[in-house]
Amino acid sequence: MFNPKGQIVKKLLWLILCFVALPAAGAALDGTEILKKVDRNLEPESYEAYRQLIDIQPDGSKKESVLYTMKKGRDKVVALFLAPPSDKGRVTLRDGDNMWLYMPDVGRAIRITSLQSVTGSVFNNADIMRIDYGAEYNVEATEEDTAGYVLSLKAKTGEVAYDKLKMWVDKQLLLPVTIECYAASGLLIKTLRFSNIKDFGGGIKRPATLTTDSPLQKGYQSIMQWSGLKNATFPDEYFTLNYLPRIAELRK
Amino acid sequence: MTPLRKLRGLWPLVFLVAAAGAQAAEEYSFDASAYEKKPFEFGGYVELKQEHFDLNRSGAFYKLNNFNQPQRNDLDRTTGTLQLTGKLRPGIGTFDFRTNSNLQRDQLSHDHDNSIYEAAYSIRPSPGFTAEAGKRSLKWGKGYAWNPIGFVERVKDPNDPQLAREGFVMADADWIASPGGDLQTVAFTPVLLPVSSDVNSDFGSTGHLNPAAKLYLLYRDTDIDFAWQGKGSRPARYGMDFSRNLTSNFEIHGEWARILQTTRQVTDSAGRVTTSVGDATSYLLGLRYLTEVDTTYIVEYYRNGTGYSEDESRQFYELVDAAFTTGNNTLLQKALSLSRGSYGRPNSGRDYLYFRAQQKDALGIVYFQAAVTAMMNWQDRSYQVTPEVSYTGINNLELRLKVFILQGGSFTDFGEKANSRKIELNARYYF
């Protein structure tokens, strides 16, 4: 028996279903696009910034470092230590997979690795001289719900510090909330937690604080705080070994 | 349920933990304005070093160094060091300096020394070009313990390779370009180093303006340097080095240098000195490896082209032995004179092997580092082993304890040194 009322209800249900499903399909979200946006929302492609690293030991004692950082393009970063006095003048340089450390006493740069930490912090060199996530990782899978996205990232090469990342991304801001970093063995190396969203001006609104801890260093915590983050352009020459002793002169 | 679906279910926890982290972090505030560039910057460190030497009374260098002195079995030395660094930014350039002052006292003598390690004015007319003049300590080469291509610098102490060294008065420039592609960076560093009776007199013979240059390339992720120094106060020389990461935690490096027409003095056990002139080739091969548990291994092999073979060194030690056994003054003066020259260099042998293992956060203590260094004269198999611990957990304070253990038979490199053991404790405070 024909039931016009039932047909209308059926059509309405379809319509509602389409309305619900369409955005999700549209968001069938290309994880790579999300990651690209996360990268740009975190920092401009080229920028300068000051960062403070606070390393907290289980007994509550702290060590603080201050760095001036310049980044150019997807994979060039230089960081100059301004404090503490024992580290002042040290410079780390990253050009793609290459990393160097310049120490004023030693007077020349030596190659370092991404997993080391020049500060003795839970943050390692890869965290301190981080380049775009998209430059180092491919998106393997993307999940979405009302709260946000969960990206599963896999390192493009064996040179990258962490083999896999699980990144929870805030859906509205398209900024990371939490990142879990895993070794190739599946071991959780550390967890990065972003907080304290701040407007830096110039259209840059991002977390000003990054906190990390590691099951491998129980009881220790490290905090990274941003200040003075702004768009900037630099010549390529600044990101070379010969320039490292003179990086301090580039600050305004 | 896929692993990602499981993770998605963790969202509430993610926000909760992130919020807790934020609360903890909010206790800290950071304002970068305190770190803006200033027209004058000043810093440095003060260090107190206490050394205890077990003297090797049968060693050739003990006998030579303590000739006509009261004889002792051990010696305690205290050294205070003040190193000041600073930057002054007048006009378009920058003036920077590093001074070093030592005050040293032991049972035999006391001494003091004030040196300007570096003091130079530099200008940077364009991002890719810098010119500077003054006293500068240039460090060339990739070796950790030795640098065969360190043509315009004072010799590195392999017992403390990271120690700042005094520079030479020079004029130098840096031209840098980034062509892109496989050749990521090109940098050219020309140097002019004058030598007179008043300036750089310990570099070599006086009355020369010594030219030198280095060309650096970053080519396909490999650091490559070509270095050259023209004939002048020292014989002409050229060389190259390289450094490359094979994997992110495994680096290899090497250096090669050739000195042209260098003069070499070799003695026999009777004190007859033969002088020969010829080319000498030195080279170094090394690696640096970092394990997953933060242990760093450094291994280097050094071929010292101007060094002495086991037999040549033995002849010298036999000469010293004969001089002191017989009391023959002519032999004694000859031995003393040779010991002040190339036989008395810190590593006068021909082949050396260097090994260092250092453990970060040793015994699970953050900022505590344990290390052991071994250096062996490969020809006579004498060696030195140096266990070491250091702690940097107190703000701006660095504490370090090192023990040097020298081992070798008679007429060997480390067996004839002036001491057989050394304990060194130092505390350095940065400001």
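To find a chain, count down the sequence lines: A is the first, B the second, and so on, and within it residues start at 1.
The CG atom of Leu397(B) sits 9.5 Å away from the OG atom of Ser86(A) when rounded to the nearest 0.5 Å. Considering NZ of Lys139(B) and CG of Asp105(A), their distance stands at 8.0 Å, rounded to 0.5 Å. Atom CD of Gln52(A) sits about 6.0 Å away from atom OH of Tyr35(B), to the nearest 0.5 Å. Between Arg108(A) atom CZ and Lys142(B) atom NZ the span is 7.0 Å, to the nearest 0.5 Å.
For chain B, the nearby parts of Ala248(A) are the backbone and the side chain; heavy atoms of each come within less than 4.5 Å. When heavy atoms are compared at a cutoff of 4.5 Å, Met103(A) approaches chain B solely by way of its side chain, counted from C-beta outward. Looking at Leu216(A), neither its backbone nor its side chain comes within 4.5 Å of chain B, counting heavy atoms on both sides. Neither the backbone nor the side chain of Leu138(B) comes within less than 4.5 Å of any heavy atom of chain A. With a 4.5 angstrom heavy-atom cutoff, Gln217(A) touches chain B only via side-chain atoms. In this structure, chain B has no heavy atom under 4.5 Å from any part of Leu210(A). Residue Asp96(B) does not touch chain A at all, counting heavy-atom pairs closer than 4.5 Å. In this structure, chain A has a heavy atom under 4.5 Å from the side chain of Asn147(B), while its backbone stays farther away.
Of the possible donor and acceptor atoms, none in the side chain of Gln162(B) sits under 3.5 Å from a partner among the backbone N and O of Val106(A). At least one donor-acceptor pair closer than 3.5 Å links the side chain of Ser227(A) to the backbone N or O of Ala32(B).
At most 12 non-hydrogen atoms from other residues, nucleotides or ligands lie less than 6.0 angstrom from NZ of Lys164(A). Other residues, nucleotides and ligands contribute at most 12 non-hydrogen atoms within 6.0 Å of the NZ atom of Lys218(A). Within a 6.0 Å radius of CZ in Arg220(B), other residues, nucleotides and ligands contribute 12 heavy atoms or fewer.
The side-chain heavy atoms of Asn245(B) and Asp97(A), taken from C-beta on, include no pair separated by under 4.5 Å. Here the side chains of Trp226(A) and Phe30(B) are not in contact, with every heavy-atom distance at 4.5 Å or above.
By number of non-hydrogen pairs under 4.5 angstrom with chain A, the leading residue of Gly364(B), Gly44(B), Ala164(B) is Ala164(B). The residue among Gly141(B), Pro127(B), Ser122(B) with the most heavy atom pairs within less than 4.5 Å of chain A is Pro127(B). Taking Asp221(B), Thr185(B), Thr189(B) one by one and counting their heavy-atom pairs under 4.5 Å with chain A, the maximum is reached by Asp221(B). With respect to chain A, the highest number of heavy-atom pairs below 4.5 Å among Tyr367(B), Tyr144(B), Trp140(B), Phe250(B) belongs to Tyr367(B). Options Glu159(A), Arg251(A), Gln116(A), Arg111(A) differ in how many heavy-atom pairs under 4.5 Å they form with chain B, and the most are formed by Arg111(A). Per-residue heavy-atom pair counts under 4.5 Å with chain A were compared for Arg124(B), Arg288(B), Lys37(B), and the maximum is reached by Lys37(B). The choice from Gln184(B), Arg98(B), His253(B), Gln83(B) that makes the most heavy-atom pairs within less than 4.5 Å of chain A is Arg98(B).
Of residues 73-81 of chain A, not one residue has a non-hydrogen atom less than 4.5 Å from any non-hydrogen atom of chain B. The stretch residues 234-246 of chain A places Pro235(A), Asp236(A), Glu237(A), Tyr238(A), Thr240(A), Leu241(A), Asn242(A), Tyr243(A), Pro245(A), Arg246(A) near chain B, each with some heavy atom under 4.5 Å from a heavy atom of that chain.
Contacts of Asp294(B) classified as side chain to side chain contact (heavy atoms under 4.5 Å, CB included), with partners at least two apart in sequence or in another chain: Leu290(B), Gln359(B), Lys360(B). Residues satisfying the salt bridge (Lys or Arg N to Asp or Glu O under 4.0 Å) test with Arg356(B), not counting sequence neighbours, are Glu388(B).
Nearest heavy atoms, Gly158(A) versus Ser248(B): O-OG, 4.4 Å. Across every non-hydrogen atom of Lys63(A) and Thr392(B), the tightest pair is NZ-O, 2.7 Å.
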